[in-house]
*Asks:* 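Here's a structure for you.
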Amino acid sequence: MTADILSTSLQLSMPEIILAVGALALLMVGVFTSSESNTLVTGLAVAVLIMSGLWLVVIGGLGPAYGGAFLADPFARYMKVLVLLGSIMAMIMTVGHAKNEQIDKFEFPVLLVIATLGMMLMISANSLISLYLGLELQSLALYVVAAINRESVRSTEAGLKYFVLGALSSGMLLYGASLVYGFSGHVEFPQIAHAIGGEQRSLGLVFGLVFVLAGIAFKISAVPFHMWTPDVYEGAPTPVTAFFAAAPKVAAMAMLVRIVSEAFQPIASDWQQIVVFISIASMVLGAFAAIGQTNIKRLMAYSSISHMGYALVGLSAGTEAGVRGVVLYMLIYMVMTLGTFACILAMRRREEGNVERIEDLAGLASTRPLMAVVLTILMFSLAGVPPLAGFFGKYFVFMAAIQANLYVLAVIGVLASVVGAYYYLRIVKIMWFDEPAGEFVPTAGELRFVFGLSGLFTLGYVLIGGPIGTAAATAAKTFF
């Protein structure tokens with residue numbers, strides 16, 4: 001590698017370098033300052049994430065780096081911005097709640113920065129090796145974060161389950177990658193596509209494809225690889241669950257879009273069948289399994305599973321319109337989820353501390369009217385009620401499926417949305433029509449900021465959707 005190529009590579013990967021150096025510096029700050037350094041390190045971590053985002057948007061260039069293993073393109077830029085926004089908002093939400101949730105350790109924000117670095121590497125990965133390295137960097141940080149409250153049995157159990165099942169998924173991904181390498185002779189995505197496009201596909205390659213997609217499906221918690229999601233969402237501290245539900249899902253979906261659109265494009269008919277199956281299974285199981293939930297974090301886990309199914313509807317189309325629908329859907333999903341978890345974090349009483357039962361929201365409209373209004377907007381949007389943002393997200397992925405003649409998939413998606421509307425509207429009914437179950441403590445400023453922004457975006461998407469749609473279309477053109 002010549003000096004010029006190295007210089008170009010370093011410039012293209014500067015947002016990731018900022019995060020890596022920043023994480024090391026934050027670790028030193030935490031070690032050499034007082035034991036109460038969590039707030040300082042969290043503030044500095046947010047600043048590092050903002051610096052990385054500014055470099056990405058203002059200065060960041062386009063092109064391959066490090067011999068083609070790393071790729072900076074419009075799709076990567078769009079999805080990285082989403083990941084950084086999700087990480088920043090999730091970190092802001094922890095500021096006033098770290099002590100309550102017993103996660104007031106300076107290692108926590110450092111681990112979130114490292115996980116974000118892994119996600120950004122996943123999004124730009126252009127070979128099976130760099131994809132796996134980014135995935136493991138993210139996963140190892142998240143395993144620790146899930147179990148960071150060592151005093152809680154639930155948190156420890158969540159971390160252990162996530163670790164065991166995550167290790168299984170990594171093994172499946174590696175086995176699939178080895179099969180793909182064995183039958184194509186390459187690990188770089190463009191070379192894999194070229195190798196399998198010039199000859200009749202082999203059965204071994206299809207097996208490799210199945211294992212790779214299974215490993216990634218674990219990360220987006222798509223059925224039948226969803227089993228870790230409800231337990232980890234419920235057991236992990238709520239700020240951690242908010243982070244899990246937002247940024248990692250965006251990164252994993254971006255990784256899935258890139259690998260099927262670049263490496264496996266010549267065998268699209270094979271991977272489309274797999275994606276259609278896990279899409280239908282995720283939508284249906286997520287819709288029906290959430291109905292009987294009494295814990296709002298478990299309900300949001302099943303909601304997340306179904307929303308990944310809706311996003312996969314767009315990917316199933318295998319078209320530019322489908323990819324545009326996916327990237328739009330992930331933005332809207334992330335905003336709605338962060339706003340909802342900000343409201344869940346605000347469910348706190350003086351005597352009991354944080355409460356998680358859906359019944360605890362009873363009468364919220366009379367005790368916390370602003371929070372009730374925002375949560376109502378978010379529930380309607382998650383259900384896909386027009387003209388809120390969630391409706392447009394589903395509209396674009398369903399239209400992409402219809403244009404690709406996947407009529408049955410689109411119909412199943414609409415029916416699953418109708419079933420899912422039941423448990424979202426049940427929360428609205430409990431907030432507005434049930435007798436108050438007790439008043440929550442005053443909502444922290446950072447939570448009002450997050451759910452206020454989320455509510456405004458969801459309500460006003462119809463006014464600002466044009467530029468966002470244009471950016472999504474630019475990102476989708478990367479593969480077509």
Side-chain angles (χ1 to χ4, degrees), residues 1-25 48-85 87 113-141 173 177 180-181 184-195 212 216 219 247-248 250-265 323 327 471 474-480:
M1 185 181 292
T2 65
D4 288 342
I5 294 174
L6 179 60
S7 174
T8 304
S9 298
L10 289 172
Q11 185 173 356
L12 289 173
S13 61
M14 190 54 69
E16 287 78 8
I17 293 171
I18 289 171
L19 292 185
V21 174
L24 295 175
V48 168
L49 292 171
I50 291 172
M51 282 172 56
S52 176
L54 287 175
W55 185 286
L56 181 67
V57 173
V58 178
I59 303 174
L62 302 175
Y66 305 108
F70 181 96
L71 191 60
D73 56 23
F75 176 78
R77 179 183 292 176
Y78 184 96
M79 300 307 277
K80 284 179 184 178
V81 168
L82 293 196
V83 163
L84 287 167
L85 285 174
S87 298
V113 172
I114 293 171
T116 306
L117 169 61
M119 292 173 218
M120 293 178 70
L121 292 173
M122 284 161 55
I123 293 169
S124 281
N126 199 36
S127 81
L128 292 170
I129 295 174
S130 55
L131 178 149
Y132 180 72
L133 290 174
L135 182 66
E136 283 306 291
L137 181 60
Q138 173 217 307
S139 298
L140 290 171
L173 181 68
V180 171
Y181 173 67
S184 69
H186 298 280
V187 292
E188 297 84 7
F189 294 167
Q191 281 86 333
I192 291 172
H194 184 264
V212 168
I216 299 174
K219 302 305 177 185
V250 173
M253 186 63 74
M255 180 172 68
L256 179 58
V257 170
R258 187 179 293 282
I259 199 168
V260 298
S261 299
E262 286 195 353
F264 298 120
Q265 186 56 40
V323 174
V327 296
T474 305
K477 280 190 178 70
T478 301
F479 306 115
F480 299 94

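Heavy atoms only: backbone and side chains are in, while hydrogens, waters and symmetry mates are out.
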*Asks:* Would you call Leu256 and Met253 a side-chain contact if the rule is heavy atoms closer than 4.5 Å?
*Replies:* yes
*Asks:* Might you confirm whether atom CE of Met14 has over 12 heavy atoms from other residues, nucleotides or ligands at distances under 6.0 Å?
*Replies:* yes
*Asks:* Mind checking the CG-CD1 spacing from Leu19 to Ile114? Nearest 0.5 Å is all I need.
*Replies:*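 Spacing of CG (Leu19) from CD1 (Ile114) equals 10.0 Å.
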*Asks:* In the structure I gave you, are the side-chain heavy atoms of Val257 and Met79 within less than 4.5 Å of one another anywhere?
*Replies:*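 Sidechains of Met79 and Val257: no contact.
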*Asks:* In Å and rounded to the nearest 0.5 Å, what is the CD1 to CG distance from Ile123 to Leu82?
*Replies:*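 The CG atom of Leu82 is 8.0 Å from CD1 of Ile123, to the nearest 0.5 Å.
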*Asks:* From Ile216 CD1 over to Arg258 CZ, what is the distance, rounded to the nearest 0.5 angstrom?
*Replies:*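 Reported to 0.5 Å precision, the distance equals 12.0 Å.
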*Asks:* For Val57 versus Val81, what's the shortest heavy-atom pair and its separation?
*Replies:* CG2-CG2, 3.8 Å
*Asks:* What pairs of residues pass the side chain to side chain donor-acceptor pair (under 3.5 Å) test when at least one of them lies in residues 116-125, not counting sequence neighbours?
*Replies:*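 Listed once each, the pairs are Lys80-Ser124, Ser87-Thr116.
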*Asks:* Flag the pair Met119 / Pro248 as yes when at least one side-chain heavy-atom distance between them is below 4.5 Å, and no otherwise.
*Replies:*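 Met119 reaches Pro248 side chain to side chain.
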*Asks:* For a quick test of reading the model, state the closest non-hydrogen atom pair linking Met120 to Pro15 and the distance between them.
*Replies:* CE-CB, 3.8 Å
*Asks:* Please report the shortest heavy-atom distance between Leu128 and Val180, naming the atom on each side.
*Replies:*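 Heavy atoms of Leu128 and Val180 come nearest at CD1-CG1, 4.1 Å.
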*Asks:* If you define the side chain from C-beta out and look only at heavy atoms, does anything of Val83 sit under 4.5 Å from Met122?
*Replies:*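 Side chain of Val83 against side chain of Met122, heavy atoms only: no contact under 4.5 Å found.
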*Asks:* What heavy-atom pair brings Leu56 and Arg77 nearest, and what distance separates the two atoms?
*Replies:* O-NE, 3.7 Å
*Asks:* Minimum heavy-atom separation for Ala23 and Val113, please, with both atom names.
*Replies:* CB-CG1, 4.0 Å
*Asks:* What residue among Asn126, Leu173, Leu121 forms side chain to side chain contact (heavy atoms under 4.5 Å, CB included) with Leu131?
*Replies:* Leu173
*Asks:* For Ile129, does the CD1 atom sit with more than 12 other heavy atoms under 6.0 Å from it, leaving out its own atoms?
*Replies:* no
*Asks:* Between Val212 and Ala177, what is the shortest heavy-atom contact and its length?
*Replies:* CG2-N, 3.6 Å
*Asks:* Among all residues two or more places apart in sequence or in another chain, which pass the side-chain contact (heavy atoms from CB on, under 4.5 Å) test with Phe480?
*Replies:*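 Phe480 satisfies side-chain contact (heavy atoms from CB on, under 4.5 Å) with Glu320, Val323 only.
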*Asks:* Can you tell me how far NZ of Lys219 sits from CD of Gln138, rounded to the nearest 0.5 angstrom?
*Replies:*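 Here the rounded value is 6.5 Å.
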*Asks:* Indicate yes or no: at least one non-hydrogen side-chain atom of Thr8 is less than 4.5 angstrom from one of Tyr66.
*Replies:*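 No. Closest side-chain heavy atoms not under 4.5 Å.
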*Asks:* Measuring from atom CG of Leu84 to atom CG of Leu54, what distance do you get when rounded to the nearest 0.5 angstrom?
*Replies:*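 Going from the CG atom of Leu84 to the CG atom of Leu54 covers 9.5 Å.
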*Asks:* For Ala263, enumerate each residue passing the side-chain contact (heavy atoms from CB on, under 4.5 Å) test, keeping only those at least two apart in sequence or located in another chain.
*Replies:* Phe189, Ile192, Ile259
*Asks:* Would you say Tyr78 and Thr474 make side-chain contact, with heavy atoms under 4.5 Å?
*Replies:*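 No. Closest side-chain heavy atoms not under 4.5 Å.
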*Asks:* Indicate yes or no for a side-chain donor-acceptor contact from Ser127 to the backbone of Glu188 under 3.5 Å, with no hydrogens or angles considered.
*Replies:*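 No.
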*Asks:* Near Gln11 CD, under 6.0 Å, is it more than 12 heavy atoms from other residues, nucleotides or ligands?
*Replies:*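 No, the 6.0 Å shell around CD holds no more than 12 heavy atoms from other groups.
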*Asks:* Does the Ser13 side chain pair with the main chain of Glu16, one donor and one acceptor, at a distance under 3.5 Å?
*Replies:* no
*Asks:* Taking atom CZ as the centre, does Phe479 end up with more than 12 heavy-atom neighbours from other residues, nucleotides or ligands that are less than 6.0 angstrom away?
*Replies:*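 Count over threshold, so yes.
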